[in-house]
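As structure tokens, the structure follows; a few thoughts come after it.
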Amino acid sequence: MNNRSPVRFSQALSLVLFLVVVGTQDSVEGRLIPAISNKPHPNDAAAYARWLVSQNSWGVLSTISSGLGGAPFGNVVSFSDGLPNEGSGVPYFYLTTLDPTASNALKDKRSSLAISEYPLGTCGKRDPEDPVCAKITLTGKLVLVDVNSKAAEFARNALFAKHPEMKGWPKDHNFQIFKLEIDDIFLINWFGGPKPLTVDQYLHAKA
């Protein structure tokens, strides 16, 4: 056997393993995961908040539960604020009234969405509660979007781009598009407490 054969085989095997690892990082069960864009500096609160919302795909959406005597009800939900790396800052959801979140919102719109940087893998070994591992809570009103509106078309494209399996969810479950109309923003992305940030600053920042 040629002395170079084992070396070439080893190099080829290394290349194959590298491609497998990269492919695994870029997809999960067939879902394409866009590369995480560079996060803004912590001092740029508005840009950081928009980046955090745009890069994430799920969070904990809390509503006022009529079935629990007005207690808050938190639920893990998928969301999207726009096409990948083109976020609008406004979270949209695809919900069914078979789940308490949507039925609660139709009775009492007051809601909040909590999102962490931790799932993005950019916190290193820090604990999710470490202030350097950013978190944001958007509080406002969870409202039903008119199915025939341009907002619904935008939301549908945004949701299905980030969560393609939604297209195949049961039609008889009557999934509808909701959006969070933001009234208040709570952001921690460094030491020293929450960053002052208005809704107007957030919505007009570049993601």
Side-chain angles (χ1 to χ4, degrees), residues 20 23-37 50-121 128 135-183 203 207:
V20 169
T24 302
Q25 291 176 335
D26 287 343
S27 66
V28 177
E29 295 183 354
R31 177 190 300 169
L32 294 178
I33 301 176
I36 302 300
S37 63
R50 286 289 299 275
W51 171 84
L52 189 55
V53 172
S54 176
Q55 296 298 315
N56 264 287
S57 61
W58 64 274
V60 177
L61 183 60
S62 296
T63 51
I64 305 298
S65 174
S66 57
L68 297 174
F73 177 80
N75 199 5
V76 172
V77 297
S78 299
F79 75 90
S80 178
D81 76 327
L83 295 176
N85 299 315
E86 297 180 14
S88 67
V90 177
Y92 289 89
F93 311 88
Y94 200 45
L95 306 173
T96 170
T97 52
L98 295 177
D99 185 277
T101 299
S103 57
N104 287 341
L106 293 176
K107 297 173 184 175
D108 189 330
K109 295 180 175 63
R110 291 177 294 170
S111 307
S112 66
L113 175 66
I115 303 167
S116 170
E117 182 183 344
Y118 193 81
L120 301 179
K135 55 187 172 185
I136 188 170
T137 300
L138 306 175
T139 301
K141 301 177 183 67
L142 187 61
V143 299
L144 185 64
V145 177
D146 182 353
V147 67
N148 296 315
S149 66
K150 290 184 178 180
E153 181 180 0
F154 171 86
R156 195 176 295 107
N157 290 334
L159 286 163
F160 291 174
K162 189 171 280 189
H163 308 279
E165 63 267 40
M166 285 181 173
K167 296 178 183 179
W169 286 359
K171 300 298 182 183
D172 60 357
H173 282 37
N174 192 31
F175 281 92
Q176 297 173 288
I177 296 172
F178 288 76
K179 74 173 181 178
L180 184 64
E181 294 183 346
I182 305 168
D183 295 327
L203 291 176

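The structure presented is a predicted model; accordingly, all values stated were derived computationally and were not measured. Every heavy atom of this structure was used, including side-chain atoms; hydrogens, water molecules and symmetry mates were not.
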- request: Dump the intermediate steps for side chain to side chain contact (heavy atoms under 4.5 Å, CB included) on D108 and T63, then the final yes or no.
  value: CA-CA 8 Å; D108 189 330; T63 51; over 6 Å; no
message: Can you tell me how far apart CG (L98) and CG (N174) are? Round to the nearest 0.5 Å.
response: 8.0 Å
field: Gap between atom CG of L95 and atom CG of L106 - 0.5 Å precision
entry: 9.5 Å
message: Between L142 and E181, is the side chain to side chain contact (heavy atoms under 4.5 Å, CB included) condition met? List the steps.
response: CA-CA 6 Å; L142 187 61; E181 294 183 346; over 6 Å; no
task: List the steps and the verdict of side chain to side chain contact (heavy atoms under 4.5 Å, CB included) for F178 and L61.
output: CA-CA 12 Å; F178 288 76; L61 183 60; over 6 Å; no
message: Between R110 and I64 (side chain of the first, backbone of the second, donor and acceptor by atom type, cut-off under 3.5 Å), is there such a pair?
response: no
For P84 against A161, the heavy-atom pair lying closest together: CD-CB, 4.2 Å
- prompt: Can you tell me how far CG of D99 sits from CG of N75, rounded to the nearest 0.5 angstrom?
  reply: 4.5 Å
K109 NZ to D183 CG distance, which is reported to the nearest 0.5 Å: 12.5 Å
- prompt: In Å and rounded to the nearest 0.5 Å, what is the OG to NZ distance from S65 to K107?
  reply: 8.5 Å
Of all pairs that satisfy salt bridge (Lys or Arg N to Asp or Glu O under 4.0 Å), the ones with a partner from residues 60-73, not counting sequence neighbours: none
task: Measure across L120 and Q55 and return the closest heavy-atom pair with its distance rounded to 0.1 Å.
output: CD2-O, 3.5 Å
- request: Could you tell me whether the side chain of S112 and the main chain of T137 form a donor-acceptor pair under 3.5 Å?
  value: no
Exercise answer: donor-acceptor pairs, residues 144-151 side-chain atoms, under 3.5 Å, sequence neighbours excluded:
| from | atom 1 | to | atom 2 | distance (Å) |
| --- | --- | --- | --- | --- |
| D146 | OD1 | N148 | N | 3.1 |
| S149 | OG | D146 | O | 2.7 |
| S149 | OG | A152 | N | 3.2 |

query: Yes or no on side chain to side chain contact (heavy atoms under 4.5 Å, CB included) for F154 and S88, after CA distance, side-chain angles and deciding distance?
result: CA-CA 10 Å; F154 171 86; S88 67; 4.0 Å; yes
query: Would you say F93 and L113 make side-chain contact, with heavy atoms under 4.5 Å?
result: yes
- prompt: Which pair of non-hydrogen atoms, one from L138 and one from L180, has the smallest distance, and what is that distance?
  reply: O-CD2, 3.5 Å
task: Identify the heavy atoms of P91 and I182 that sit nearest to each other, and give their distance.
output: CD-CD1, 4.1 Å
Closest approach of S62 to G74 (non-hydrogen atoms, all atoms of both residues): OG-CA, 3.6 Å
message: Let me confirm one number: the CG-OG distance from N56 to S80, rounded to the nearest 0.5 Å.
response: 11.0 Å
query: Would one find more than 12 heavy atoms of other residues, nucleotides or ligands at under 6.0 Å from atom OH of Y118?
result: no
query: Do W58 and K162 come close enough that some side-chain heavy atom pair is under 4.5 Å?
result: no
message: Quick one: does any side-chain atom of S103 pair with a main-chain N or O of P100 as donor and acceptor, under 3.5 Å?
response: yes
query: Aromatic rings F175 and Y94: how do their planes relate, parallel, tilted or perpendicular, breaks at 30° and 60°?
result: parallel
statement: Nearest heavy-atom contact between M166 and S78 is CE-CB, 3.7 Å
query: Does V90 reach the side chain of L203, with side-chain heavy atoms less than 4.5 Å apart?
result: yes
message: Test your reading of the model: is there a side-chain donor-acceptor pair from H163 to the backbone of S57, 3.5 Å cut-off?
response: yes
